[in-house]
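In what follows, chains are A, B, ... by sequence order, proteins preceding strands, each numbered from 1.
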Amino acid sequence: MSDMRYEPHEVERRWQSVWEQERTWEVSNEAVAGVESSYVLEMLPYPSGEPHMGHLKNYSIGDAVAHFHRRTGRRVLHPMGYDAFGLPAENHAIKTGVHPRESTAASIASFQKQFRRWGISIDWSREFGTHEPRYYRWTQWLFLRMYERGLAYRNEAAVNWCPQDATVLANEQVVDGHCERCGSEVEVRQLEQWFFRITDYADRLLEDLDSISWPEHVVTMQRNWIGRSAGAEVIFRCPEVDVDYPVFTTRPDTLFGATFFVMAPEHPDVMKLVAGTDHEQAVRDYVNKSLTEGQESRGAVEREKTGVPLGRSVINPVNGERIPMYVADYVLMDYGTGAIMAVPAHDERDFEFATKFDLPIRRVIEGGDELPYAGDGPVVNSHQRFDGMHNREALESMVDWLDDQGMGHRSINYRLRDWLLSRQRYWGSPIPVVYCEACGIVPVPDDQLPVELPDITDFAPKGRSPLAAAEDWVSTRCPSCSGPARRETDTMDTFVDSSWYFLRYCDPQNSDAPWDKDAAAEWMPVDQYIGGVEHAILHLMYARFFTKAFADMGLVDTQEPFQTLFTQGMITRGGAKMSKSKGNVISPSSYVDSYGADTTRCYVLFIGPPDQDVDWSDEGVEGVHRFLSRLWRLGAEVSEVTGTAEPVADVAASGDDLELLRKAHWAIEKVTNDMTGRFGFNTAISAVMELVNECYRRREGVAPASLHFAAATAASLIFPFAPHCGSDVYDKLTGHRVWEQPWPRAEQSFLERETVELVIQVNGKVRDRLQAPSEASREELEELARGSEKLQANVDGKEIVKVVVVPGKLVNFVVR
RNA sequence: GCGGGCGUGGUGAAAUUGGUAGACACGCCGGCCUUAGGAGCCGGUGCCGCAAGGCUUGGGGGUUCGAGUCCCUCCGCCCGCACCA
């Protein structure tokens, strides 16, 4: 073969400079009649050091989709930006004194460089970082719109406090009682914080999951996270203090089985109830112990139930019974009302508690071999109007009855809590409000945005935001009364930044609004969103919430930001997640250095199905590199013979030529199918490999035009995965730019064959294979099959009781 | 505990609707070319067996003419949630 060698670096440099100079991937917001728009987006990267293999995989997938969409006739928006605020840069600043702005700028520069080197087809004119004032001006503006609508509010709450990072965490950032980021055990503190009222949207966030095409497991996770339960709120009165205590229950049908009542240690009335009584000391000790105990130990499943009596009682509204009150830490303050009615016969936890404290257990639902029984069945031991009824039916009428009595009503509870968004940290978007002695909380007027982050030098956490020390900045005038005022020193959770960036990409230069509504309408919702499963709950839930809130404000027309979601699998190393601390990180740049971007990109896609976790291994990279190299040399050699020409598949071809052209059309069909409706990149690439192999095997016996067509087709099909190599080979063979060519079409005439292999089975086991005319009838196939010698040998005097003929596939003889 | 996923050669994997298991690639073996090759090209390669042939998709059972694919059950691994009333 040719002496010419595939030099990926040279090839890649050449095409990258064409794309850069010609701004090939930029797209305007002007709709084009008859042309569909498509928005392909990979999750916003957090720029830290260098991009890793996970990024390479993410953008290789997204780029393949973007290219495929373009070449199948769509205008594609495929932008890039950076989630540039955040703790790692700030922690780095604390250690080294380097301002987060500087380290962030360095990381962004390195990300940009890599993304260009990878040849990702990005519209760079839309690039931004969330830390730029021109971006966070609008983050603040949107915060103010949320504030105006009561969707952002300030409240004192028991919050999760991370002692290491010296900041408050969102519920979503607490994992097993530990800080998701640094792993320290989270403490509970009572603090004034800012919240977004995401719980107002709980039902819509739940219902609209049905309207989007997301992986089932992500939908399930979101559903569980929202945790909607339908039940009733029932009022239990404490006559000793004359106070009503409502409880939430999903099982009002078991009300007659309630034998005691439990409050959470955090419940504000616990201490009031025992003040001055014999129980005060014991309760105080218990409550203190519970509050100081970490969330982790308290939440442990195996843990034995603990609690102490309050020495008070409440009245069960359905039967007037007085039942004793307890405080116990298995009741949580932040779910329901922080108090429960305990039905030990039908709830495992209440049963455990009752057994330990020797409390009465009264069965009110029949069924199950033993107690506790949580299933359904007929109601017993309750009231004559309910006894004998099926419990589900009784549940409904009991709630109606409670409602009539004014003792309760239907109620829905959610596991989802409001989103705590304030952080006592520096490197984030300032919350644009001031505190005025006269006017209270005053939002910063729109025309004074952005509230810019001041420069500081001491980033160390001190339990309050480092901004609090910037006295010149903190001290300001009230926009309302011009009196002295102080700025809010907390900054926003970085999830706020990433909850609307996809909208900003639609109109990134707009200085009058976060985006123009028409621009958003042109692109939104994102047609294909691609990222890691680790964001299945947090980011994806927040972005959905923001989009719905914006829709309510009339800022966008769509209810959901991401129509279709693809979650890629992790790339692990030695079975473990790659991390600097484990020292098992492999850098994409070393592979790009030795093999080029195309090989590295194809390899991460070829290694396995993209939604699956894969363990990195170097074995196999060579194979992909060999393949691209073979394709490139094929193109070089063929073009020497044919020159540049239009690829044409000769419909009159026969013999080897026909076989090769068939293979080409088969590959078109296969790659197209793998790209449509599923992400079969690994099998798509292997189909192109087959085509290239076929070219090599048949190259001596076919007409140059056939080889030319097959090679050009291979270049065209590999382009979404190896854009430089695909462009180069296609250019050599045809003189055309492959990205401007429509996606090839498989022609039926080349896919059909005159004969097919017919499998002969006996009792389902393959005994012979024959060539059969593809048009043959069932009878003809059976006749043909009966002629098989191997069949005769296997039937051997036995009786043929049945013959199953599957045209085009097989004939199965059932013998006895 | 609940919910979801997965289990196929020495390895990564493929099999689109129940119809030829193992495409493609790594590795390994052989041949050609070569002064040489860790380059390139061609071929072989699931397991057992000299062969004929038999066996084979985590184990067991079932449905079916036919099961990697559907059903039941058990085992193993991974992920999410986890005292949510």
(request) Would you indicate, yes or no, if B/A82 has its OP1 or OP2 atom less than 4.0 angstrom from a side-chain nitrogen or oxygen of A/Arg415? (result) yes
(message) Need one value for A/Lys790: base, sugar-phosphate or nothing, where a base atom within 4.0 Å counts as base even if backbone is also close, heavy atoms only.
(response) nothing
(request) Could you tell me whether the phosphate oxygens of B/G5, OP1 or OP2, come under 4.0 Å of any side-chain nitrogen or oxygen in A/Gln612? (result) no
(request) Answer yes if the ring centres of A/Tyr603 and A/Tyr595 are under 6.0 angstrom apart, and no otherwise. (result) no
(message) Over 60° means perpendicular and under 30° means parallel, so tell me whether A/Tyr373 and A/His346 are parallel, tilted or perpendicular.
(response) perpendicular
(request) Would you mind checking if A/Arg223 and A/Asp210 are paired as a salt bridge, meaning a charged N to carboxylate O distance below 4.0 Å? (result) yes
(request) Return the value, rounded to whole Å, for the distance between atom CG of A/Asp674 and atom C1' of B/A13. (result) 14 Å
(message) Applying a 4.0 Å non-hydrogen cut-off, can you work out what A/Ser617 is touching in the nucleic acid: base, sugar-phosphate, or nothing?
(response) nothing
(message) Identify the stems formed by RNA chain B, where each pair is Watson-Crick or G-U wobble with both distances under 3.5 angstrom and a stem is at least 3 consecutive pairs.
(response) B:1-7 with B:75-81, B:10-12 with B:24-26, B:27-32 with B:40-45, B:46-48 with B:53-55, B:58-62 with B:70-74
(message) Rounded to the nearest 0.5 Å, what separates atom CD1 in A/Ile668 from atom OG1 in A/Thr713?
(response) 4.5 Å
(message) Mind checking if A/Arg767 touches a base, just sugar-phosphate, or nothing, with heavy atoms under 4.0 Å?
(response) sugar-phosphate
(message) When the C1' atoms of B/C79 and B/C29 are compared, how many Å lie between them, rounded to an integer?
(response) 41 Å
(message) Any side-chain to backbone donor/acceptor pair from A/Ser629 onto A/Tyr6? Under 3.5 Å, distance only.
(response) no
(request) Check the distance between B/A13's C1' and A/Asp611's CG and give it to me in whole angstrom. (result) 13 Å
(message) Please report the distance, rounded to the nearest Å, between CG in A/Asp613 and P in B/C78.
(response) 12 Å
(message) Starting the side chain at C-beta, find the nucleotide from B/G3, B/C42, B/A13 nearest to A/Pro609.
(response) B/A13
(request) Pick the C1' atom in B/G19 and in B/C72, then give their distance to the nearest Å. (result) 24 Å
(message) Using atom C1' in both nucleotides, what's the gap between B/G46 and B/C32 to the nearest angstrom?
(response) 28 Å
(message) Distance check, P atoms only: B/G38 and B/C77, in whole angstrom units.
(response) 43 Å
(message) Counting the benzene-type ring for Trp, do A/Tyr326 and A/Phe353 have ring centres under 6.0 Å apart?
(response) yes
(request) Grab the CD-P distance between A/Gln222 and B/C81 for me, whole Å please. (result) 12 Å
(request) Report, as a single string ordered 5' to 3', how protein heavy atoms within less than 4.0 Å touch nucleotides 20-31 of chain B: B base, S sugar-phosphate only, - not at all. (result) BS-BBSS-----
(message) Closer than 4.0 angstrom, basic N to acidic O: yes or no for A/Glu782 and A/Arg786?
(response) yes
(message) Give me the distance, rounded to whole Å, that separates B/U45 from B/A51 when you measure between the P atoms they each carry.
(response) 13 Å
(request) Among the candidates B/A13, B/A85, B/A15, find the nucleotide nearest to the side-chain atoms of A/Leu332. (result) B/A85
(request) Would you indicate whether the side-chain heavy atoms of A/Leu402 and A/Leu255 approach each other to under 4.5 Å? (result) yes
(message) With rounding to the closest Å, how many angstrom separate the P atoms on B/A67 and B/A21?
(response) 11 Å
(request) Report the distance from atom NE2 of A/His217 to atom P of B/C79, rounded to the nearest whole Å. (result) 13 Å
(message) Please report the distance separating the C1' of B/G58 from the corresponding atom of B/U69, rounded so that it comes out in whole Å.
(response) 16 Å
(request) Return no unless some side-chain N or O of A/Arg698 is found under 4.0 Å from OP1 or OP2 of B/C42. (result) no
(request) Provide the distance between the two P atoms, one in B/U57 and one in B/G7, to the nearest whole Å. (result) 14 Å
(request) Indicate yes or no for a side-chain donor-acceptor contact from A/Lys356 to the backbone of A/Thr306 under 3.5 Å, with no hydrogens or angles considered. (result) no
(request) Using whole Å, report how far CZ of A/Arg5 lies from P of B/C41. (result) 13 Å
(request) Kindly indicate whether the side chain of A/Asn812 and the base of B/C65 share any N or O donor-acceptor pair separated by less than 3.5 Å? (result) yes
